[in-house]
Amino acid sequence: MQRFYRDNMNSENLVYFRVAVKETDLYVGAENDLSDPVREIIIKYRNILEEYIVRHKGFASALAPISLYKDAPDIAIRMADAARAAKVGPMAAVAGAFSQILAEELDCDELIIENGGDLYIKSQHDRIVSIYPGENKFKGRLNLHFSKEDMPLSVCTSSSKLGHSLSFGKADSVSIISHDAFLADAMATSVCNMIQKSEDIPRALEFAQSVDGVLGAVAIIDNKLGAFGLVEFV
């Protein structure tokens, strides 16, 4: 899928650069070009996760929460914990995992990480996040305002119609907001899976609201929208 949304990412006080390592394709905004350290961090943690996946065959293919080996690395543990809360498999949290870990490893006051349409934002400024819901009446109208007091936070989006990720739902898009990118990513997949028709939105959002750490959500299907929590449209 062409990452057209990157053309709209702009902040006068940030330098944007792309880092791609195998399937991990990041577009990062920071105060300086940090391509080299970003690449080193991604390679390090990809190697750790890939080595564990080789030993634990079911980790990569599981579609529901699973138990881990006692010597599982921290990244796998955090993915599995988020997946357990969301009731999905651990790989549903993989994009959020690399964004969160990257933000934790880098010493930056200003950082925006885009990974497959998922965002992690650390900033001393208010930020506007646009959601692309596909070809429906909300296209170009979904702009969310987040204040600097909300930071850091992650906005992860899952869609049954866009991107390459596996989805069992039919939602145009589901965006989950959390301080924890592992959780936001896993929950976006889970809530999207729950929505087959517009009547499913209330039940799906009720589940999202029940999960500790979820700050807000926006769900769209059939030109119907539901939202709760830390959602300020501008």
Side-chain angles (χ1 to χ4, degrees), residues 5 8-9 11 78-79 81-88 92-93 95-97 99-100 103 111-134 136-163 165 167 169-195 198-234:
Y5 42 81
N8 297 322
M9 294 179 64
S11 299
R78 295 172 73 180
M79 288 170 65
D81 286 346
R84 192 169 298 109
K87 302 181 181 179
V88 292
S99 295
Q100 180 90 35
L111 186 66
I112 298 176
I113 304 168
E114 183 273 321
N115 187 359
D118 296 333
L119 291 172
Y120 187 90
I121 308 169
K122 181 181 179 183
S123 182
Q124 302 298 312
H125 303 276
D126 290 8
R127 297 290 180 185
I128 303 295
V129 173
S130 296
I131 298 174
Y132 179 74
N136 55 51
K137 72 178 184 180
F138 299 109
K139 181 181 177 182
R141 299 169 58 189
L142 297 181
N143 301 307
L144 306 182
H145 171 265
F146 296 104
S147 70
K148 59 185 179 182
E149 289 78 18
D150 299 325
M151 311 294 176
L153 57 77
S154 179
V155 182
C156 291
T157 301
S158 181
S159 172
S160 67
K161 302 175 182 179
L162 300 169
S165 298
S167 175
K170 294 183 179 179
D172 294 318
S173 69
V174 171
S175 298
I176 299 292
I177 303 157
S178 176
H179 294 307
D180 184 345
F182 287 84
L183 181 64
D185 195 11
M187 283 296 298
T189 297
S190 180
V191 175
C192 189
N193 286 345
M194 296 175 68
I195 299 176
S198 60
E199 289 79 5
D200 294 329
I201 290 177
R203 177 178 62 90
L205 293 186
E206 183 178 359
F207 168 65
Q209 198 166 8
S210 74
V211 175
D212 187 36
V214 173
L215 303 177
V218 179
I220 298 166
I221 184 174
D222 297 337
N223 285 317
K224 301 292 179 60
L225 180 150
F228 77 87
L230 191 63
V231 176
E232 179 188 347
F233 293 109
V234 294

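The chain is numbered in sequence order, starting from 1. Values below: all heavy atoms of this structure, side chains included; hydrogens, waters and symmetry mates excluded.
- Rounded to the nearest 0.5 Å, atoms CZ (Phe182) and OH (Tyr120) are 10.0 Å apart.
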What's the verdict on side chain to side chain contact (heavy atoms under 4.5 Å, CB included) for Lys122 and Ile113, showing C-alpha distance, side-chain angles and the deciding distance? CA-CA 9 Å; Lys122 181 181 179 183; Ile113 304 168; over 6 Å; no
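- Distance check, rounded to the nearest 0.5 Å: CG of Asn193 to OG of Ser160 gives 9.5 Å.
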Would you mind writing out the side-chain donor-acceptor pairs for residues 140-153 within the sub-3.5 Å range, not counting sequence neighbours?
unit_1 : atom_1 : unit_2 : atom_2 : d
Arg141 : NH1    : Lys137 : O      : 2.9
Asn143 : OD1    : Ser130 : OG     : 2.5
His145 : ND1    : Glu232 : OE1    : 3.1
His145 : NE2    : Asp126 : OD2    : 3.0
Ser147 : OG     : Glu149 : OE1    : 3.2
Ser147 : OG     : Asp150 : OD2    : 3.2
Asp150 : OD2    : Ser147 : N      : 2.9

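- No side-chain donor-acceptor contact under 3.5 Å links Glu199 to the backbone of Ile201.
- Taking each heavy atom of Ser158 and Cys192 in turn, the nearest pair found is OG-CB, 3.6 Å.
- Interatomic distance, Ile131 CD1 to Ser159 OG, rounded to the nearest 0.5 Å: 11.5 Å.
- Within the structure, no pair that satisfies the side-chain hydrogen bond (donor to acceptor under 3.5 Å, both in side chains) test touches residues 217-226, not counting sequence neighbours.
- Side-chain atoms of Phe228 and Val214, non-hydrogen and from C-beta on, do get closer than 4.5 Å to each other.
- With Asp172 as the fixed residue, the side chain to side chain contact (heavy atoms under 4.5 Å, CB included) test singles out one of Ile195, Leu225, Ile220: Ile220.
- Here the OG atom belonging to Ser154 is positioned 8.0 Å from the CD1 atom belonging to Ile121, to the nearest 0.5 angstrom.
- For Ser123 against Arg127, the heavy-atom pair with the smallest separation is OG-NE, 3.0 Å.
- Atom CE of Met79 sits about 13.5 Å away from atom CG of Leu183, to the nearest 0.5 Å.
- Across Gly226 and Leu205, no two heavy atoms sit closer than the pair C-CD1, 3.4 Å.
- In terms of heavy atoms, Leu230 sits closest to Ile177 at O-CD1, 3.2 Å.
- Counting heavy atoms from C-beta on, the side chains of Ile176 and Val191 come closer than 4.5 Å.
- In this structure, Gln100 CD and Cys156 SG are separated by 9.5 Å, a value rounded to the nearest 0.5 Å.
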What's the verdict on side chain to side chain contact (heavy atoms under 4.5 Å, CB included) for Val174 and Val218, showing C-alpha distance, side-chain angles and the deciding distance? CA-CA 6 Å; Val174 171; Val218 179; over 6 Å; no
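- Considering every non-hydrogen atom in both Ala217 and Val231, the closest pair reads O-CG2, 3.7 Å.
- Residues Met194 and Asp200 fail the side-chain proximity criterion, which asks for heavy atoms closer than 4.5 Å.
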